[in-house]
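For reference, the structure discussed in these notes is given below.
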Amino acid sequence: MKKEWFENDDFWINYGPIMFDEAHWAEAAGTAGRIKEIAGLKDGQRILDACCALGRISTELGLLNLDVTGVDITQPFLDCAAETAEDEGVKLTLINHDMRTFTSEKKFNAAINVYNSFGYCDSKDDDYRILSRIYDALEEGGTFILECISRETAIRWFTEGEWFERAGKTVLTEFKPTGAWEGLSSRWILIDKNGNRMEHTFIQRLYSAAELRDKLLELGFSSAKVYGGFDLSPYDYNAKTMVIVATK
């Protein structure tokens, strides 16, 4: 399997503090609480955080007395997650692995893939491999919660770009659709106080809500329902994100 851009640790070391800002850390506790409630989890039950990144949600789920396993391909992120968990007095199981090939003998009561961390592989088949691995890791009756931008929400809330100051850098972003809205190209330029410039462009594949829902059902999930947020609001023209709750 060829190496892809998101397997470059240096990228995340530089861009992580920009993408995972204070606002996203602040909302983590509320998101974790909703996840536990939506999945109907009880204290001590097992949850898989697929592509857990810095462990924002993993740590908060641990604080809610859940048995949390976080998996991510980026070791520096897992190191940060371990530090955060230790500071909070939380025990996490953290695994450095590619979700496309992840397997687990331990079965989970629930699994999550959140904060728009889906759709970055070079092929649909690889994206679907991630969903399949998550399905295999769940016990019968387990819940999978997927949250990411969809084709509909990308179009509804599209902006060409913006600039802002964050983490001691000036950040300029530029967005544009690829093809017939099959993807969203994101160009990020970072300029530090000394004028040093760093630039990276990546593409996120855009799926319609119906397409992902139907794929989950095809993989074997017994149900898959689409919502406009973790509050389980309707997935309509007001939806700013897409949340799919699937049951194995």
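With a 4.5 Å cut-off on side-chain heavy atoms, Val171 and Ile189 do not count as touching. Contact check for Arg46 versus Leu66: no side-chain heavy atoms found under the 4.5 Å cut-off. With a 4.5 Å cut-off on side-chain heavy atoms, Thr153 and Ser150 count as touching. Counting heavy atoms from C-beta on, the side chains of Leu146 and Val243 never come closer than 4.5 Å. Looking at Glu199 and Arg187, their side chains come closer than 4.5 Å, going by heavy atoms from C-beta outward. Residues Ile57 and Cys52 are not in side-chain contact: their nearest non-hydrogen atoms beyond the backbone lie 4.5 Å or more apart.
The heavy-atom pair separating Leu216 from Ala246 by the smallest distance is CD1-CB, 4.2 Å. Taking every heavy atom of both residues into account, Leu78 and Leu94 meet most closely at O-CD1, 3.6 Å. Nearest heavy atoms, Ala50 versus Ile134: CB-CD1, 3.8 Å. Closest of all the heavy-atom pairs between Ser185 and Thr201 is OG-CG2, 3.6 Å. Of all the heavy atoms in Asp192 and Lys169, the pair that sits closest is CA-CG, 4.2 Å. Here the closest heavy-atom approach between residue Ile203 and residue Gly183 is recorded as CG2-CA, 4.3 Å.
Using a 3.5 Å distance cut-off with no hydrogens or angles, the side chains of Glu165 and Thr170 do pair a donor with an acceptor. Side-chain contact check for Asp231 and Ser233: at least one donor-acceptor pair (N or O, by modelled atom type) lies under 3.5 Å. No hydrogens or angles considered: a donor-acceptor pair under 3.5 Å links the side chains of Glu139 and Asn109. Side-chain contact of Tyr235 with Glu152: a donor-acceptor pair under 3.5 Å is present, judged by distance alone. Looking at Thr31 and Glu60, their side chains never bring a donor and an acceptor atom within 3.5 Å of each other.
Atom OG1 of Thr103 is separated from atom NE2 of His97 by 6.0 Å, given to the nearest 0.5 angstrom. Atom CG of Asp136 and atom CG of Leu138 lie 9.0 Å apart (nearest 0.5 Å). The distance from the OH atom of Tyr115 to the CZ atom of Arg56 is 6.0 Å, given to the nearest 0.5 Å. Atom CG of Leu219 is separated from atom NZ of Lys248 by 11.0 Å, given to the nearest 0.5 angstrom. Note that the CG atom of Leu217 and the OG atom of Ser223 stand 7.5 Å from one another [nearest 0.5 Å]. How far CH2 of Trp157 is from CG of Asn238: 6.5 Å, rounded to the nearest 0.5 Å.
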| salt bridge (charged side-chain N to carboxylate O under 4.0 Å, His left out) between Arg100 and Asp126, intermediate numbers included | CA-CA 6 Å; Arg100 292 172 292 181; Asp126 275 354; 3.2 Å; yes
| Under the side-chain contact (heavy atoms from CB on, under 4.5 Å) criterion, do Ile191 and Asn196 qualify, and how do the steps go? | CA-CA 5 Å; Ile191 303 172; Asn196 297 311; over 6 Å; no
| query | Which is it for Met242 and Ile149 under the side-chain contact (heavy atoms from CB on, under 4.5 Å) test, yes or no, and what are the steps along the way? | reply | CA-CA 6 Å; Met242 172 188 64; Ile149 188 174; over 6 Å; no
| message | Pair Val114, Phe230 - check side-chain contact (heavy atoms from CB on, under 4.5 Å), show working. | response | CA-CA 10 Å; Val114 298; Phe230 287 105; 3.9 Å; yes
| request: Apply side-chain contact (heavy atoms from CB on, under 4.5 Å) to Leu54 and Thr84, showing your working. | output: CA-CA 8 Å; Leu54 298 170; Thr84 301; over 6 Å; no
| task | For Lys36 and Asp43, run salt bridge (charged side-chain N to carboxylate O under 4.0 Å, His left out): C-alpha distance rounded to whole Å, both residues' side-chain angles, the deciding distance at 0.1 Å, then the answer. | result | CA-CA 9 Å; Lys36 184 177 182 181; Asp43 289 359; 2.6 Å; yes
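Phe144 and Ile38 fall into different hydrophobic clusters, where Ile, Leu, Val, Met, Phe, Trp and Tyr are joined by side-chain heavy atoms under 4.5 Å apart, directly or via other members. At a threshold of 4.5 Å between side-chain heavy atoms, the hydrophobic network of Ile, Leu, Val, Met, Phe, Trp and Tyr places Val245 and Tyr135 in two separate groups. With hydrophobic clusters built from ILVMFWY side chains whose heavy atoms lie under 4.5 angstrom apart, Tyr120 does not share a cluster with Ile112. Hydrophobic cluster membership is shared by Leu41 and Ile145, with clusters built from Ile, Leu, Val, Met, Phe, Trp and Tyr side chains linked at under 4.5 angstrom. Under the 4.5 Å side-chain heavy-atom criterion for Ile, Leu, Val, Met, Phe, Trp and Tyr, Leu92 and Phe102 are members of distinct hydrophobic clusters.
Within the 3.5 Å criterion, the main-chain N or O of Ala137 finds no donor-acceptor partner in the side chain of Ser104. Between the Asn65 side chain and the Gly44 main chain, no donor and acceptor come within less than 3.5 Å of each other.
Pairs passing the salt bridge (charged side-chain N to carboxylate O under 4.0 Å, His left out) check and including a residue from residues 205-216, sequence neighbours excluded, read Lys124-Glu211, Asp127-Arg205, Lys215-Glu218.
Here Pro234 pairs with Asp236 under the side chain to side chain contact (heavy atoms under 4.5 Å, CB included) rule; sequence neighbours left out. Applying the side chain to side chain contact (heavy atoms under 4.5 Å, CB included) test to Thr69 and every residue at least two apart in sequence or in another chain returns Leu48, Val71, Thr93, Ile95, Lys106, Phe108. The salt bridge (charged side-chain N to carboxylate O under 4.0 Å, His left out) search around Glu37 returns Arg34, not counting sequence neighbours. With sequence neighbours excluded, the residues that form a ring-ring contact (aromatic ring centres under 6.0 Å, His included) with Phe118 are Tyr207. Residues passing the ring-ring contact (aromatic ring centres under 6.0 Å, His included) test with Phe158, sequence neighbours excluded: Trp181.
Atom CD of Glu86 sits in a sparse spot, with 12 or fewer heavy atoms from other residues, nucleotides or ligands closer than 6.0 Å. Counted within 6.0 Å of NZ on Lys107, heavy atoms from surrounding residues, nucleotides or ligands total more than 12; the atom is thus considered enclosed.
None of Asn113, Asn116, Thr241 except one satisfies the side chain to side chain donor-acceptor pair (under 3.5 Å) rule with Glu147; the exception is Thr241.
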